[in-house]
Amino acid sequence: MTLRTVLRNEWRLLRADRALGLVLGVFALLFAYALANGMAWVDFQEETLAAAREGNAERVESLETELQRIADGGRPSSPFRDPRSPSVLGGAAGAHTAVLEPGPLTALAVGQSDLLPYYYDVSIQTNESSFLQNGEIENPLNLLVGRFDLAFVVVYLLPLLILALSFNVLSGEREQGTLALTLSQPVSARGVVSAKLAFRAILVMGLALGVSLLGVLFSGGFGSPGRVALWCAAVAAYALFWFTLAAWVNGLGRSSAWNATVLVGAWLLLVVVLPAGVNITAGLLHPLPSRVEMITAQREASNEAVNQRSELLARYLEDHPELAGGVAADEANRAALAWAATDAVNRRLEEVTGVYDERLAAQRTLARRYRFLSPALLAQEALLDAAGTGDARFARFRSQVREFAERWRTFFVPAILAGEQMTADVLPGVPAFRFVDEQMREVSARAAIPLAALGGLLALAGAGAVVRLRRVTGPGS
Amino acid sequence: MSTQAVLETPATGEAPPIPVRAAEFEDPVLEARSLVKRYGDLEAVAGLDLSIQPGEVYCLLGPNGAGKTTTIHLFLGFIEPSAGRVRVSGFDVARNALDARRRLAYVPEQVMLYRNLSGLENLQYFAALGGRETLSSERLTDILVDVGLPLPAVGRRVGEYSKGMRQKVGIAIAVAKDAEALLLDEPTSGLDPKASREFSELIETLRGRGVAVLMATHDLFRAKESGTRIGIMRHGRLVTELSTDEIGHADLERIYLDHMQE
Amino acid sequence: MIRHIVRKEFTDLLRDGRFRWCAAIVGVLLLVSLGSGLVETRRAEAAHSAAQETARDHWESQGEKNPHSAAHYGIYAFKPRLPLSFLDQGVDPYTGTSVWLEAHRQNDFLMRPAQDASAGQRLGALTAAQVLQYLVPLLIILLAFGALAGEREQGTLRQLLATGISRRDLALGKALGVAGALALLLIPAAIVGSAAITVGSPGPAATPLARGTVLAAGYLAYFAVFVALSLAISAWVRSARTALVALLGVWVLNGLVAPRVAVDLSKWLHPTPSAVEFARTMEREIRSGVPGIERPDRDETAARLLAEHGVETVDDLPVNVIGVYLQESEEFANQIFDRNYGALWNRFEQQGLVHEALSVAAPLLAVRTLSMGLAGTDVEQHRHFATAAEEYRRDLMRRMNGDLAENSRTGETYLATADSWAEVPPFQYDAPSLAWVLQNRTLSLAMLGLWLVGAFLVAGSLVRRAEVA
């Protein structure tokens, strides 16, 4: 009853106040701009991926033509590019580009998708060092600053809108004198503040979620309703946190000016200073292992492997006795020897990289503990996870590409060792990459952690607000 | 010195004998027992006993700082008493503030409203908060006109209202609530004589309907006009209680000034 | 006269608890960021120089080998950290840290630190530059928003002007008072900073003190702009509260909105190709050349050499045809690389110009570009290093191919001696001079100057016209 009455009154007040309408209008524009930006980025990625897929098809087609020509009695155009050789067919000439489709909600959050590679060329030359790639071409300056996407607007600017609308939700009523009449009615201050905040929350979240859903609609993200729901939950939890914080501060019974100062300070601390402080602390206490050292280790590993080249084939065949029959036993097959050397290098690289990756993962786990200090970091994590542009989905892509490279090798290497000749008939059987996207279950399990932490912060602020507001019984002096 | 009962309240919280009246058999709507409100060392209300029956208009007179507004705020539950009890229609304000407020209407000294809304919209809002959301706009408009707001002003923004007009909206809010008790804090301050007169008539109507009215005021004339009983407060105490039937205007002024001089 | 105002403002601010708290927080953050930056830079620089030495060892200890094999083996170049990079890590986390210099290819810089960090890292790191660019202006706003609006509200402005002091003096006094309070914070930081520069300067010499001085001047100008802006708005609007809201709005636009708008605008005006497109173009051009840049042909090279030396068969030639051909291929490929990478770098530079130009709306963009430039962590200096590394690669290939061409005959198996690798000079990088940096940053310098002059003029005019009550 109180709720409906207050909502209707707030709506009237909003319509009568031009400044408030203006603020909301400006934010609607910012949201629209951010969305347009995100959608342009998705278009760019999709064009790129289309080109990559086209490249795959073209390579297969030209190999097929060449193989057909040779089968019809033609000569290979170059002895080094004879597609009948499995090391050519499975090498750069026949490489398959493994692509990661943009996350279902990339239009809402560019996230890491401008920094991390979303396609890799896979061939028999693929090894651990192939994963040291730059990803999309992007000006480092632009990477540094980041995009104006919805996630940015939600994390940085939305709290400001919320605080602008709610910093004086109770203090303003007191200062303009209406609180006395209000509280002489059978309503509690808590009820009135809740209702007033509910009104603002409906407006703000209606705007944020409405624009989000619009973005989803335009970019066809409704294919994963679970992610959309997660996104909405993250936006809602983060927004509610700020509303609750405003309620708490209002419950302290100070002036509107004081509330504004404290809330802007809180925003600055939680959104600007803490994430930066958390990042620098994590970097100092748990420095990521140096890639530079990894390069040196990789280099040494491959030097070693190359120096032992002569012993390699024998050892390789010992390890893979099933292949020994196919290899001409009298004289080492050139291709087989070359492969044996490559394989040895690859194994050593895997070892070195494995050690590095473990250390990296350990340090990152330690560093990520600090994110619980900042709702902005938590919200960003949940938003990116929901959008599919966070670190996890890219890590999953990398590991699937690793598996795919293994499949690729399993397909071509026996033929290399056996010195087989390939024909056009094998082409349809050549492995093709297909990204198996995360199950909604995994995504929600992962996003549940930041969401729960955000919920905890929300509950904390909520408890503070309830305790303080319960003490407000009158209009004060 | 006239012969009517002049009761000095004792320093302790003992209930003073109250003049026997016809209404004594009914339960009081507004009741304060040994009410104390302290702010640090200062006793804003120091052992107040008050009992107001339906159809009574009780006027609290007293200088600034005598504790009149504090008393009203105690009835509203805006502040908690340091000792003693406040009841509204039998509901303990400390325990059931909302039930108490449901039976109370309040007009503050300065009626402050939402400047960007019209008088009608303000009335709709506060009436709805008070549990009268079913009242139609026509009915609320009638109430506004009845309390003396010119019809064309009803739909205009309150920002353009004079103080008297805002005061009338405040009274309309109280009327619309149809409450058992009415708390008025300096309701006529700043009103012109005509408006003041209309106000008295309004109080008279409400009294006729059996509403219990507690009115804090400086205005001796208005108190004599509208009140059925008058209490004079000083330093948080009720120094005397008079029945308006028994005294004339001149008497009241003399008694008041006598008490202020000590 | 001004002296009295300055002293009063200064004392007033120092006694203000809010200022003391805020200044203490910003001061601590500044010192922490300086310290952590220094630790991080030294750690990285130590790793890089160790790796560079090891890379050289690898190169020298190749043993007997054909020079072209050695060219394929190549060498890694690691990007050094310049002495001032502890103040501002700039784009360093987003540029690769090392490049493999090998035959036939100009490789990309790989291993961007940001790729290993988590997404949260992109919400910013607390570097000294961030504190100076974001938090100090905020502190200035807090110090100065009420300078005139507050005095007007309290009614003291009328009283002040009644003493006969000019408004210009009043405003100047206020500005100097704020500056004095800030100095308490900035001077210790500057001392720590310059001590760090003089005591421990890792990385290649890059006139760190001169760069540091200009950097300090740039930041002082930036702060002065904020002092003037705060005074201007404080004089202009009616209440201190409105002044605060307006200034916070300016801060958000300056620090949060404008930089990201600059990103989008720069990408829209100067789009970069996708990596797929870029690689395809390069591959196509390397395979078949472009008009004016013809791909060399081994038979043609042989024929030309035969004609030049007037001999009949390649066996009679004093040079190895393969060595000559390989070098010609290198030079062909280099032209293709220059075309493509050059165009890409130019795009980046144009995008950078958009960022700088947009500083007309946000002084942060000017001071940030200047700061990264002087710290040696901007895109241009990354390019400078990349160019140096590529020149080294080209020289290395020239030497290897020359060795092959001159010391062997066509068709014979040639192995260079194990000690010949040490004759190749090691990779030595010289950071660009201060003049080079400033020349790149003229637009930012001009914009900062423009802001400084503009802000003071506007402040002067608004203070002169400010209402007294």
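Here the structure is a predicted model, which means the values were calculated and not measured.
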Fill in: Flag side-chain contact, heavy atom, 4.5 Å: C:H270 against C:E349
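No. Closest side-chain heavy atoms not under 4.5 Å.
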Worksheet item: Is there side-chain contact between C:T95 and C:R112, with at least one heavy-atom pair below 4.5 Å?
Response: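 SC-SC contact between C:T95 and C:R112 ruled out.
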So what's closer than 4.5 Å to chain C heavy atoms on [X]: side chain, backbone, both or neither?
X	answer
A:V264	side chain
A:L378	neither
A:L284	both
A:Y119	side chain
A:N37	side chain
A:Y356	side chain
A:R371	neither
A:L141	both

Among [options], single out the residue with the greatest number of heavy-atom pairs under 4.5 Å to chain A.
options	value
C:W268, C:F348, C:Y76	C:F348
C:M372, C:H355, C:Q130, C:E40	C:H355
C:Q62, C:Q351, C:K267	C:K267

Distance-only, no hydrogens or angles: does the [X] side chain make a donor-acceptor pair with backbone N or O of [Y] under 3.5 Å?
X	Y	result
A:Q112	A:F394	no
C:R347	C:P271	yes
A:D391	C:S118	no
A:S113	A:T389	no

Proximity breakdown for [X] and chain A, heavy-atom pairs closer than 4.5 Å:
X	answer
C:S266	side chain
C:A51	both
C:Y134	neither
C:H58	side chain
C:T272	both
C:V131	neither
C:S98	side chain

Item to complete: On the 0 to 90° scale, with breaks at 30° and 60°, tag the A:F44-A:W41 ring pair as parallel, tilted or perpendicular.
Response: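 Rings of A:F44 and A:W41: parallel, as their planes differ by under 30°.
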Check whether the side chains of [X] and [Y] place a donor and an acceptor atom closer than 3.5 Å, and report yes or no.
X	Y	answer
A:N168	A:E175	no
A:R59	A:T97	yes
A:N259	A:S171	yes

Looking at [options], which one has more heavy-atom pairs under 4.5 Å with chain C than the rest?
options	answer
A:N279, A:L377, A:V272	A:N279
A:L132, A:T296, A:T48, A:L115	A:L115
A:G146, A:G111, A:A164, A:P275	A:G146
A:E381, A:R364, A:R299	A:R299
A:L268, A:D121, A:L160	A:L268
A:R368, A:M294, A:Q133, A:E47	A:Q133

Roughly how far apart are [X] [atom1] and [Y] [atom2], rounded to 0.5 Å?
X	Y	atom1	atom2	answer
C:H382	C:Y94	NE2	OH	14.5 Å
A:D385	A:I449	CG	CD1	9.0 Å
A:Y120	A:L100	OH	CG	9.5 Å

Worksheet item: Are A:Y156 and A:F148 close enough that their ring centres sit under 6.0 Å apart?
Response: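 That pair fails the under 6.0 Å test.
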